[in-house]
Structure formats: structure tokens, C-alpha cells
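To keep things clear, I will list the structure first and then write my remarks on it.
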Amino acid sequence: MIEEHDLDLLLNDLFELYGYDFTNYARASLKRRVQRLCSLDKFPSFAELRYRLRSDETYLKHFVEELTVNVTEMFRDPGFYRVLRQEVIDNLRAKPFIRIWHAGCSTGEEVYSMAILLKEANLLHKSLLYATDLNPTVLEKARKGFFSLSEMKLNSENYIASGGVQDFSSYYTAHYGQVKFDESLSEKMIFSTHNLVSDSSFNEFDLILCRNVLIYFDKSLQERVLRLFYDSLAQLGFLALGTRETLRFSGVEPKFKQFSQEKIWRKVT
Amino acid sequence: MEKSNVSHSCKAVIIGGSAGSIEVLLKILPALPEPLTYTLIIVLHRKHTAESALADLLTSKSRLVIHEVEDKEPLLPGNIYLAPADYHLLIEHSLVFSLDASEKVNYSRPSLDVSFESAADVFGPSLVGILLSGANADGTLGLKAIKRAGGLIIAQKPETARVAYMPQQAIQEAGVDYVLDIFELARLLNLLNNQGD
Ligand SMILES: C[S@@+](CC[C@H](N)C(=O)[O-])C[C@H]1O[C@@H](n2cnc3c(N)ncnc32)[C@H](O)[C@@H]1O
């Protein structure tokens, strides 16, 4: 069992030596992640984990990647994508140009899902999808656009449940257990590292998706990030969060109006 | 099981269950005292698709509203909270819930062990942990953590459980303080209420 005090020391090391600031991540979850890594990587004691982190930068990279949770899938929560498809996208149609930000995009499944929706709505040609994450390794994977063939069954089921009527496999070509999505989908994507803890706004968007990222932050960091989203949204722009994430406990709530029970809000002031 | 033993300073009760546990909850929730002086947290293994229908079903059997937890929701005494499907439910020292969609634990998300351990960390001796019917070994390690932190731990009497394995496991491995049938569980939840006496 890792003590609070030990965790503080470790977080302090990560910040002082490498500039990674996890101090405002949700403590209970972070502690579990550290404990999990300590036993997965077979450290006999917490002190040894700390020593390794202080002395081995390659291990640090692995540690940071494993500390954050990267699991994702295409059309995750199909009901959410159904609302995007049927209600949100129509609201964007009249714009000369559509800018979307996927904050915490992980390996890119969410971004490809969005590109498919936009393509089917005949809007992809005038859209740009900015996809950012803290972790360069997942971004590299997203940029390449290769996914495992074994995941396509679930992705395709999600796609259909979200209201998709095309043949899902027409969007990719399969090679030896891997699939590569059509270049026409990735043409409109821009991948870049961006740390929600420390980086600032970099554009104005019509829609921001930040799903299953805020749950790993404590309330003060959530507040910072939600401000950042507010500042980065156009008037009446949309903000989409994960299925159990909410603005209900945040100071920015009055500046937004809930658009759908599927955790979508609009900036109103 | 006398009132003096159990009501000392109960701030939170956490109930975990799997197969066969909803029918138990449907019996004990209607018998809850009102107002409730502690926070009641319910963590169940359940099908992803059943969704918030479960919260509605449990609410219909209780006079109290059951909140299906959203991230960073504050824990208030008197309220009943249900872990949402497909997230681990954790508790922060600042007395808000955190959700976590990381790997399954014991093939489960939410995992009872994860929530029990996190609740033990925050509530220490003021916590009561109850494990109901189920076919999984989840929950036993969590009960141990509650006990280590000074809390009280209880298993449903295996003979009264539709699936005896889970409470049986806890009885063998965790050294539970009480083994109770459904009627006694309901009585315990009443005894734990501090009616200002
Ligand atoms: C669970 S994934 C979410 C993926 C996708 N949005 C979804 O809902 O399926 C969480 C992502 O947030 C990223 N993340 C964590 N902390 C971050 C930070 N401070 N700044 C930017 N991204 C962060 C992680 O690297 C991870 O890829």
C-alpha cells in the first residue's frame, strides 16, 4: 500500500526532473495506477520504483504512458454518436468552415469516428479535426491510422448502433491482422501534443470533444480545463464530455446550456 | 449484535454484490430508516445495457432517491449512491466520487475490491462493508482492506444467497465480523442509523 506521502514525493520528482505535472490528477485513481505499475513491473518496494524513475529516462516514458488510461474504441457509446449525427452536425452545416478539437484523443478512434460522420454528412471537405494528447506515443499511432483487425467487430457494431448505414468495412483495407483507414478520412486531421494541465488555447472551435479524460483530474484541474474549453469555443459552440462526466459541479455551468442528455452542452454567454 | 457495538460512528456503508444481489437489495432498501444518517454506496456487477433502469428499479422500492454517480459528485450523508455501469467507483478524501474507466479488476468494472479499498482509505473505522450474493471472488480483498482500516465487515449468509460463492469466499478469507440473513441485514442498516441517541 502506497502512502500519500510517498505519492507526493514521486509526483514531485516527476515534476522537478521531467516537467510532468500530475499533482492535480484525481488522487484515488492515480494512487491505484501507481500501485498497479509498482506490482506489474515487480518493484520490491516503493523506494525502488522511485529510484528507477529518477535514474532511467526510458523507464519514465513507459511509466507516464501506463499511468494515464488510454483505452478507447470507435463510436464509443453509440447513443452519443447518434446525437452527434442527428442533431449536432446539422447545426454546423451552414458554417463556411468547421473546426473540431478532440482533447485527449488517445490512439485516434474518436477522431476517425468523427471523420466518418462528417463524410457521411458531406461536410468533411470543409472541416478540420485537431486531435491532441499529452502522450506522443498514442498520437504517433493515431497519425499512422493503423488499427487492429480484431477490434473491427466491436467498432462496426458500434457504428451500426450509432445509426450508420454504410458497409463499415468500406472505410478501411485490411492487411495481416491490421487495418488502415482511408486516406480521405485522415486528410483533415491534425495531430499534436497538447497538455491540458499547462498548455493554453490555440484556436477557436465549433465543437470540442473531451471524453473520458476529465474523470482522471481533480476538481481544480477540471475547472482549469473547462475554462480553457470555454475560451476556445465559438459562440454557441458545442462541448461534448464522457457519459458520466458533467458540468453540474463546475463554476462554468451557467455559461453553458445542456443540449442533450448525452452530455453535450452549448456555450451561451 | 447490539446497537452499542455497531452504531459507534458509522459515516458510510458500502454494499457490494453480483449475481443474485439485486433481489436482496429490493428487500432491504424499503426497510431503510429515514432520514439516513450515513452515506450508502452500492456497487454491483451488472450488464452494461441495463443502464439507469437499475437505479429506477431500486428507487421504486425505496422512499429515498438513488443517485447513479456522476464524476466528482459530492458524497452526502442521507443519500444513496449507485456505481454506474462500466466505471470503477472511487472516493476522494475531499468526499467526492471519482470514476475510472481503466482495466477490469476480477473481470469486473466496477470492481467491488476497488471501491471497498478506496472507501476504506477515506472512511477508516467509520465504514461498514457488506458483501452480498455472487459468483465471483471480487470483494474479499476489499473487505480485508476495510477491516485493516478498522471498519466493520459483513457477509450475507450463504444459505440465503442465490449464489453463495462470493459471501462464502469472504467468510473463509476475510474473517468477517457478522454473517447475516436478509432480515438481519435490514435490521443492521437500521441499527447503524444514529438517531441522535
Ligand atoms: C481514456 S483516453 C480517452 C480517449 C477518447 N477520448 C475516448 O473517450 O475514448 C484518455 C486520454 O487522455 C490523455 N490525457 C491524460 N492527461 C492528459 C493531459 N494532461 N493533457 C492531454 N491529454 C491527457 C491520455 O494520454 C489518454 O490518451
Side-chain angles (χ1 to χ4, degrees), chain A residues 1-4 7 24-37 39-40 66-73 76-79 104 106 154 157-158 161 210-223 225-226 241-251 253 261-263, chain B residues 14 41 43 48-49 51-55 67-76 81-106 109-124 141-142 144-149:
Chain A
M1 197 67 179
I2 287 169
E3 301 297 323
E4 288 296 315
L7 192 55
N24 288 310
Y25 278 50
R27 260 305 161 106
S29 166
L30 192 68
K31 199 165 156 186
R32 271 196 68 231
R33 300 300 292 169
V34 173
Q35 234 145 24
R36 172 179 165 273
L37 271 168
S39 69
L40 220 60
E66 289 291 321
L67 200 60
T68 53
V69 175
N70 305 319
V71 281
T72 184
E73 64 196 44
R76 181 178 191 169
D77 314 308
S106 190
L154 173 69
E157 284 165 7
N158 284 350
C210 184
R211 308 190 70 224
N212 304 297
V213 179
L214 293 177
I215 48 176
Y216 302 107
F217 296 172
D218 74 8
K219 274 186 74 168
S220 66
L221 180 53
Q222 287 192 354
E223 206 58 29
V225 174
L226 290 171
L241 305 180
T243 47
R244 302 310 300 175
E245 292 166 335
T246 180
L247 296 185
R248 217 159 36 104
F249 312 118
S250 153
E253 190 188 19
Q261 285 310 109
E262 291 289 344
K263 303 306 167 78
Chain B
I14 186 160
I41 304 159
V43 185
H48 190 41
T49 42
E51 274 319 312
S52 44
L54 182 59
H67 305 260
E68 194 167 25
V69 173
E70 290 192 302
D71 183 56
K72 302 297 169 308
E73 182 151 0
L75 280 84
L76 302 173
Y81 299 95
L82 175 67
D86 230 18
Y87 290 88
H88 293 304
L89 180 77
L90 298 151
I91 300 161
E92 302 289 345
H93 283 279
S94 56
L95 293 186
V96 301
F97 288 105
S98 275
L99 299 174
D100 173 325
S102 62
E103 302 80 4
K104 292 184 176 182
V105 174
N106 306 319
R109 191 176 50 221
S111 144
L112 312 183
D113 281 342
V114 167
S115 296
F116 284 7
E117 281 166 13
S118 170
D121 221 19
V122 169
F123 290 107
L141 283 177
K144 280 188 178 171
I146 294 175
K147 190 164 185 167
R148 232 181 296 121

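All chains are named by letter (A, B, ...) in the order of the sequence lines, taking the proteins before the strands, and each is independently numbered beginning at 1.
Atom NE2 of B:H88 and atom CD1 of A:I215 lie 10.5 Å apart (nearest 0.5 Å). With values rounded to the nearest 0.5 angstrom, A:R32 atom CZ is found 7.0 Å from B:S111 atom OG.
Listed for the A:R244 side chain is a donor-acceptor partner under 3.5 Å among the backbone atoms of B:E68. Checking side-chain atoms of B:K72 against main-chain N and O of A:T246 turns up no donor-acceptor pair under 3.5 Å.
The two residues A:Y216 and B:L99 have their closest heavy-atom pair at CE2-O, 4.5 Å. Here the closest non-hydrogen pair linking B:E70 and A:E245 is OE2-O, 4.4 Å. Of all heavy-atom pairs between A:L214 and B:D71, the closest is O-OD2, 3.9 Å. Taking both residues in full, the closest heavy atoms of A:A28 and B:I91 are given as CB-O, 3.6 Å, listed atom of the first, atom of the second, then distance.
Contacts of B:S118 with chain A are made by side-chain atoms alone, with heavy-atom separations under 4.5 Å and no backbone atom involved. Contacts of A:S250 with chain B are absent, with no heavy-atom separation under 4.5 Å from either backbone or side chain. The part of B:V114 that comes within reach of chain A is its side chain, from C-beta onward, which places non-hydrogen atoms under 4.5 angstrom from that chain. Heavy-atom distances place no part of B:E117 under 4.5 Å from chain A, backbone and side chain included.
Between B:V96 and A:F249 the shortest side-chain heavy-atom distance does not fall below 4.5 Å. Using a 4.5 Å heavy-atom cutoff, the side chains of B:D121 and A:R27 are not in contact. Side-chain contact check for B:S102 versus A:R36: every heavy-atom pair is 4.5 Å or farther apart.
Of the listed residues (A:N70, A:L241, A:T243), the greatest number of heavy-atom pairs within a distance under 4.5 Å of chain B belongs to A:T243.
Between A:K219 and B:E92 there is no salt bridge, since none of the side-chain N atoms of the basic residue sits less than 4.0 Å from a carboxylate O of the acidic one.
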